[in-house]
Amino acid sequence: MLPIALTCPVWWVARWTARMLASLAVVVACSFGAATLPAAAAPAAPAGPASAAPATTTAPTPDPTAAGTPSPSPTPTPPTASPPPAPSATPDRTGSPTRAGTPTPSASRSTTPPPPDVTAPVVDGVSADPGELDPKGCPYGAKSSTVTATVTDDRSSPAALTVTFGYTLDGATGTVRMATAGRGVFTGTLGPLSTPKRSARIPIRVTAADAAGNTTTSASPVYVTLYHDCTPG
């Protein structure tokens, strides 16, 4: 072998030496590996002439099937609200009774309308003072008289009553409105009156009407005398 090395170029000798050293290193490595590996280990690759070029390492190709498939996240389930327990009227065995809800009173009330008013007022105590009058224009004597009556009603107040008195003189009828004087008493004024054809007694009757339109008239008249002549002075 030496004569061959001497007769070859230097680069070829360097290359041949490198291959021999590489082969020797592979053989030594395989010897040590075989001594340490168990019997079931795979056989070592056959040794061959080593190349001076550096070994190229190929990156492993990722297995598309090996990648884990992301599992979908679980959908949260909204909590279900439990209905409140129904109130119980049964007393608790521990001694604390359970009260049921207090019923709310109804605001609507059925009202019965009152019966219609069919009762007329009551007229009483009719009087006239003074009971003798001189004609209008006389210098002496009374020329007007105050008519008084007491009127009551079961429903209408005195302010709601209409009270009048009527009189007749020389065939003519007159009506005078009476005013309340308190406590059911009504008053009105008769006169002054014109000179009659002759002295006369004037009948006076009081009529009262309530708010419902029921009317009543005093049963018996009172009288006022109106003279034809003036009272001498």
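Considering CZ of R155 and CG of D117, their distance stands at 4.5 Å, rounded to 0.5 Å. To the nearest 0.5 Å, atoms CZ (R205) and OG1 (T168) are separated by 8.0 Å. Here CD1 of I204 is found 5.5 Å from CZ of F165. Values are rounded to the nearest 0.5 Å. Rounding to the nearest 0.5 angstrom, the gap separating the NZ atom in K136 from the OG atom in S144 is 12.5 Å. Here CE of M20 is found 14.5 Å from CZ of R15. Values are rounded to the nearest 0.5 Å.
With hydrogens and angles disregarded, no donor-acceptor distance shorter than 3.5 Å links the side chain of D229 to the backbone of T231. Here the side chain of S218 pairs a donor or acceptor atom with the backbone of V206 at under 3.5 angstrom. The closest donor-acceptor contact from the side chain of K197 to the backbone of D170 lies at 3.5 Å or more, if one exists at all. Of the possible donor and acceptor atoms, one in the side chain of D210 sits under 3.5 Å from a partner among the backbone N and O of N214. Using a distance-only test at 3.5 Å, with no hydrogens or angles considered, a donor-acceptor pair links the side chain of S145 to the main chain of P130.
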*For side chain to side chain contact (heavy atoms under 4.5 Å, CB included), just list the numbers for M178 and V147, CA-CA rounded to whole Å, side-chain angles, deciding distance to a tenth of an Å, and then say yes or no.*
CA-CA 8 Å; M178 302 178 72; V147 179; 4.3 Å; yes
*Could you give me the CA-CA distance, side-chain angles and deciding distance for L133 and T225, then say whether side chain to side chain contact (heavy atoms under 4.5 Å, CB included) is met?*
CA-CA 6 Å; L133 301 177; T225 301; over 6 Å; no
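The side-chain heavy atoms of D153 and L161, taken from C-beta on, include a pair separated by under 4.5 Å. Using a 4.5 Å heavy-atom threshold, the side chains of T189 and V176 count as separate.
In terms of heavy atoms, S156 sits closest to A211 at OG-N, 3.0 Å.
Each of L193 and Y227 belongs to its own hydrophobic cluster when Ile, Leu, Val, Met, Phe, Trp and Tyr are linked at side-chain heavy-atom distances under 4.5 angstrom. V126 and V185 are not part of a single hydrophobic cluster, where members link through side-chain heavy atoms under 4.5 Å apart.
Residues T207 and T217 bring a donor and an acceptor atom of their side chains to less than 3.5 Å of each other. For the residue pair D129 / T146, no side-chain donor-acceptor distance below 3.5 Å is found, with atom types taken as modelled.
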